[in-house]
2 protein chains.
Amino acid sequence: MSVRADEGPAPDVNRELCPSRAILEHVTSRWGVLVLALLLERTHRFSELRRGIGGVTEKMLAQTLRTLERDGLVHREAWPVIPPRVEYSLTPLGRQAAAQVWELARWTERSVAEVEAARAAYDEEKLRQAPPAGGA
Amino acid sequence: MSVRADEGPAPDVNRELCPSRAILEHVTSRWGVLVLALLLERTHRFSELRRGIGGVTEKMLAQTLRTLERDGLVHREAWPVIPPRVEYSLTPLGRQAAAQVWELARWTERSVAEVEAARAAYDEEKLRQAPPAGGA
DNA sequence: CTGTATCCGGTCCGATACTG
DNA sequence: CAGTATCGGACCGGATACAG
């Protein structure tokens, strides 16, 4: 089984300065993932996102939304009313991104138990190899 | 169209302390992505990975490899010979992870042009809205 | 309600030197 | 060849205060 089927020459994975690095970091950023996931369901207001994501500060949410908006993944629509009303939604490109990170997030969720088991085994093995004097 | 078809209640996207967050950051980390991509092709030695990934320091490569190994994604095999020989490969779980991040990386590569166009449009719009005095 | 500006502590990461 | 130890700067991100 090869993931790299005949789908072209593939990304320039060896280029650390590749522009796709920035995009990847935006969509997989701590709050970026959660924002995309929420917007995948439906349009949300700023405060709805804030409540929907526990623990995010206004600064980071605004910053995350700006970045995703600038990348053309999120659409921002503001009504000139008092109090202000701003709604965020996904662009078509953003829906693609959200779908990808969503799949990755789902894989991660599915694998949590297996990963934690691997960590426990790794840590125990390290302990056996490095007994703290008197381990005999 | 909904990405969230009937596939269960979905990940706890609203839990920022979710253990899957750490896993996600490991596999999408700067060097993690590149390591997984290279190992997706075949087994590599430490120095091969170092050369294959331009710009990575020994420290970061070793750190990345150990993290992925501890998570059960990468298998490390060392021969007790002089000079030392260590080979890294993907575990079955690691192959799943690599496939996912590979897909995401490919989407990112495909979207670079569109994203950059969006950025240019965004920046120009911002300039038009914030003329630096005398813009008329 | 929807943001922006500032301060500041923690963390990451690169450079360097050293070890088995 | 395959790492580890340490240091120091850069940057991320949280808290707070303030603005439209």
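As the structure is a computational prediction, the values presented were derived from the model and not from experiment. Order of the sequence lines sets the chain letters (A, B, ...), proteins ahead of strands, with each chain counted from 1.
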Let me check something: any side-chain donor-acceptor pairs from residues 59-66 of chain B under 3.5 Å, sequence neighbours excluded? List them with distances.
{"from": "B:Thr64", "atom 1": "OG1", "to": "B:Met60", "atom 2": "O", "distance (Å)": "2.7"}

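More than 12 non-hydrogen atoms from other residues, nucleotides or ligands lie less than 6.0 angstrom from CD of A:Gln96.
Without hydrogens or angle criteria, A:His44 side chain to A:Glu87 main chain gives no donor-acceptor distance under 3.5 Å. At distances below 3.5 Å, at least one donor-acceptor pair connects side-chain atoms of A:Thr91 with backbone N or O atoms of A:Gly72. Remark: the backbone N or O of B:Arg85 is not paired with any side-chain donor or acceptor of B:Arg45 at under 3.5 angstrom.
Listed candidates were C:dT2, D:dT6, C:dA5. Nearest to the side chain of A:Lys59 is C:dA5. Among C:dG20, D:dG3, C:dT2, the nucleotide with an atom closest to any side-chain atom of B:Val86 is D:dG3. Of the candidate nucleotides C:dG20, D:dG20, D:dG3, D:dG3 has the atom lying nearest to any side-chain atom of B:Arg76.
Between B:Tyr88 and the phosphate of D:dG3, there is a side-chain N or O to OP1/OP2 separation shorter than 4.0 Å. Contact between the side-chain N/O atoms of A:Thr57 and the OP1/OP2 oxygens of D:dG13 is not found at any separation under 4.0 Å. Side-chain N/O atoms of B:Arg66 include none lying less than 4.0 angstrom from OP1 or OP2 on D:dG3.
A straight line from CZ of A:Arg30 to C1' of D:dC11 spans 16 Å, rounded to a whole angstrom. One interatomic measurement links the two molecules: CD of B:Glu48 to C1' of D:dG3, which rounds to 16 Å at whole-angstrom precision. When the C1' atom of D:dA2 is taken as reference, atom CG of B:Leu65 falls 11 Å away, rounded to whole Å. In this structure, A:Glu58 places its CD atom 12 Å from P of D:dT16, rounding to the nearest Å. In this structure, B:Met60 places its CE atom 15 Å from P of D:dG3, rounding to the nearest Å. At whole-Å resolution of the value, CD1 in B:Ile53 and P in C:dG14 are 12 Å apart. The interatomic distance linking B:Arg21 (CZ) with C:dT11 (P) rounds to 17 Å, in whole Å. Remark: C1' of C:dC13 and CH2 of B:Trp31 are 10 Å apart, rounded to the nearest angstrom.
Under a 4.0 Å N-O distance rule, the pair A:Arg128/A:Glu124 does not qualify as a salt bridge.
Axis deviation across the helix from C:dC1-D:dG20 to C:dG20-D:dC1 amounts to 50°, comparing end segments of five pairs, rounded to 10 degrees.
Remark on DNA chain D: of its neighbouring residues A:Gln63 and B:Arg45, the 5'-side contact belongs to B:Arg45, judged by nearest-heavy-atom nucleotide.
Heavy atoms of A:Arg50 sit nowhere under 4.0 angstrom from any nucleic acid atom.
Side-chain atoms of A:Leu73 and A:Leu90, non-hydrogen and from C-beta on, never get closer than 4.5 Å to each other.
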